[in-house]
Student: 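Here's a structure for you.
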Amino acid sequence: MYRDYDPFAWLFAHHWGQDYHRQVIPALERLILRLLPPDAAILDLCCGDGRIAAALAGRGFRVTGLDGSEQMLRYARQAAPDVRFVHADAREFSLATSFDAVISTFDSLNHVESSRELKAVFLNVFKALNSGGYFGFDLNREQAYIELWTEMTGTVAEGAVSVAKSTYDARREVATCAITEFRKVNGEWQRSDYRLTQKHHPHDRVMAGLEAAGFQSIASFDAIDDLRMKGPTGQHRTFYLARK
């Protein structure tokens with residue numbers, strides 16, 4: 001399970017990812033949503049705080065969200081009270097229902113820390129899909145960690161201050177983001193220190209993993225050139241689409 005992401009849930013829900021979430025629904029429309037019937041059943045894998053699940057439910061899709069962080073799901077249930085959310089690990093989940101599509105966004109699968117575990121995720125997704133169902137997801141490319149993750153960033157808001165410093169180990173293909181957060185809770189400042197880790201999954205390994213899981217018609221798309229995302233949000237980001 002991804003309990004390490006519980007401390008990150010508040011900062012993510014309130015101050016991270018606004019630009020990504022503003023751009024990703026149009027990108028998903030171009031990638032996968034246009035291929036689905038209006039009432040398609042969609043699994044939002046690694047759904048985080050539920051922003052995308054809420055947007056998809058608002059479009060009439062039947063959405064289920066799954067995430068390994070219970071604290072993330074607490075915010076997701078607030079964002080999308082009519083959506084079913086499941087606390088489970090993407091590497092191990094098995095659901096009784098099946099889906100017309102599975103999506104996983106905001107480089108969530110970069111948090112899967114090995115090619116072996118990524119293949120396990122792909123197998124789980126394949127089993128969860130109806131015949132002919134689609135799997136769409138995005139991943140950071142290595143250049144994102146080299147160019148974008150090595151900068152120190154900060155958040156200053158009423159009652160909260162955070163600093164994030166990232167590093168990238170090219171030999172291990174692992175990026176680490178160390179976050180220090182100060183938040184005022186019940187009139188008192190509380191400090192949290194935690195680390196988030198991402199793994200660079202090279203394109204050839206991703207394609208091989210999807211093929212080994214049984215997927216067909218596998219294609220990749222550049223977030224900016226093909227799906228019209230803009231700025232750093234889309235930079236060095238690849239979307240994949242595969243079919244069962």
Student: Salt-bridged, Arg77 to Glu70, with N to O below 4.0 Å?
Tutor: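 Here Arg77 pairs with Glu70 in a salt bridge, since their nearest N and O are under 4.0 Å apart.
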Student: Please work out which of the three classes, parallel, tilted or perpendicular, describes the rings of Tyr20 and Phe106, given edges at 30° and 60°.
Tutor: parallel
Student: Quick check on the hydrophobic clustering: are Val174 and Leu109 connected, directly or via other members, by side-chain heavy-atom contacts under 4.5 Å?
Tutor: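 No, no single cluster joins them.
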Student: Please set out all donor-acceptor pairs under 3.5 angstrom arising from side-chain atoms of residues 225-234, sequence neighbours excluded.
Tutor:
{"unit_1": "Asp226", "atom_1": "OD2", "unit_2": "Asp222", "atom_2": "N", "d": "2.7"}
{"unit_1": "Thr233", "atom_1": "OG1", "unit_2": "Asp19", "atom_2": "OD2", "d": "2.4"}

Student: Who clusters with Phe182? Use side-chain heavy atoms, under 4.5 angstrom, across I, L, V, M, F, W and Y, and order the result by chain and number.
Tutor: Trp189
Student: Taking it one step at a time, do Asp193 and Thr180 satisfy side chain to side chain donor-acceptor pair (under 3.5 Å)?
Tutor: CA-CA 5 Å; Asp193 295 277; Thr180 296; 2.7 Å; yes
Student: Are Tyr5 and His111 close enough that their ring centers fall under 6.0 Å?
Tutor: yes
Student: Does either side chain, that of Arg195 or that of Thr176, offer a donor lying less than 3.5 Å from an acceptor on the other one?
Tutor: no
Student: What are the two closest non-hydrogen atoms of Leu123 and Ala213, and how far apart are they?
Tutor: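 Residues Leu123 and Ala213, closest heavy atoms: CD2-CA, 3.7 Å.
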Student: Taking the side chain as every heavy atom from C-beta outward, state whether Thr155 and Glu181 have any pair of such atoms under 4.5 Å apart.
Tutor: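 They are not in contact (no side-chain heavy atoms under 4.5 Å apart), so the answer is no.
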Student: Distance alone, cut at 3.5 Å: any donor-acceptor contact between the side chains of Tyr75 and Asp67?
Tutor: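 There is no such pair between these side chains.
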Student: Among Phe137, Tyr134, Tyr240, Phe135, find the one that has a ring-ring contact (aromatic ring centres under 6.0 Å, His included) with Phe215.
Tutor: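 Answer to the ring-ring contact (aromatic ring centres under 6.0 Å, His included) test with Phe215 among Phe137, Tyr134, Tyr240, Phe135: Phe135.
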Student: Examine Tyr145 together with His236 and report whether their ring centres are nearer than 6.0 Å.
Tutor: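 No, too far apart.
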Student: So which heavy atom on Gly65 is nearest to which on Val83, and how close?
Tutor: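 Taking every non-hydrogen atom into account, N-CG1, 4.1 Å.
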Student: Kindly confirm or rule out a cation-pi arrangement of Arg51 over Phe12, judged by NZ or CZ under 6.0 Å from the six-membered ring centre and within 45° of its axis?
Tutor: yes
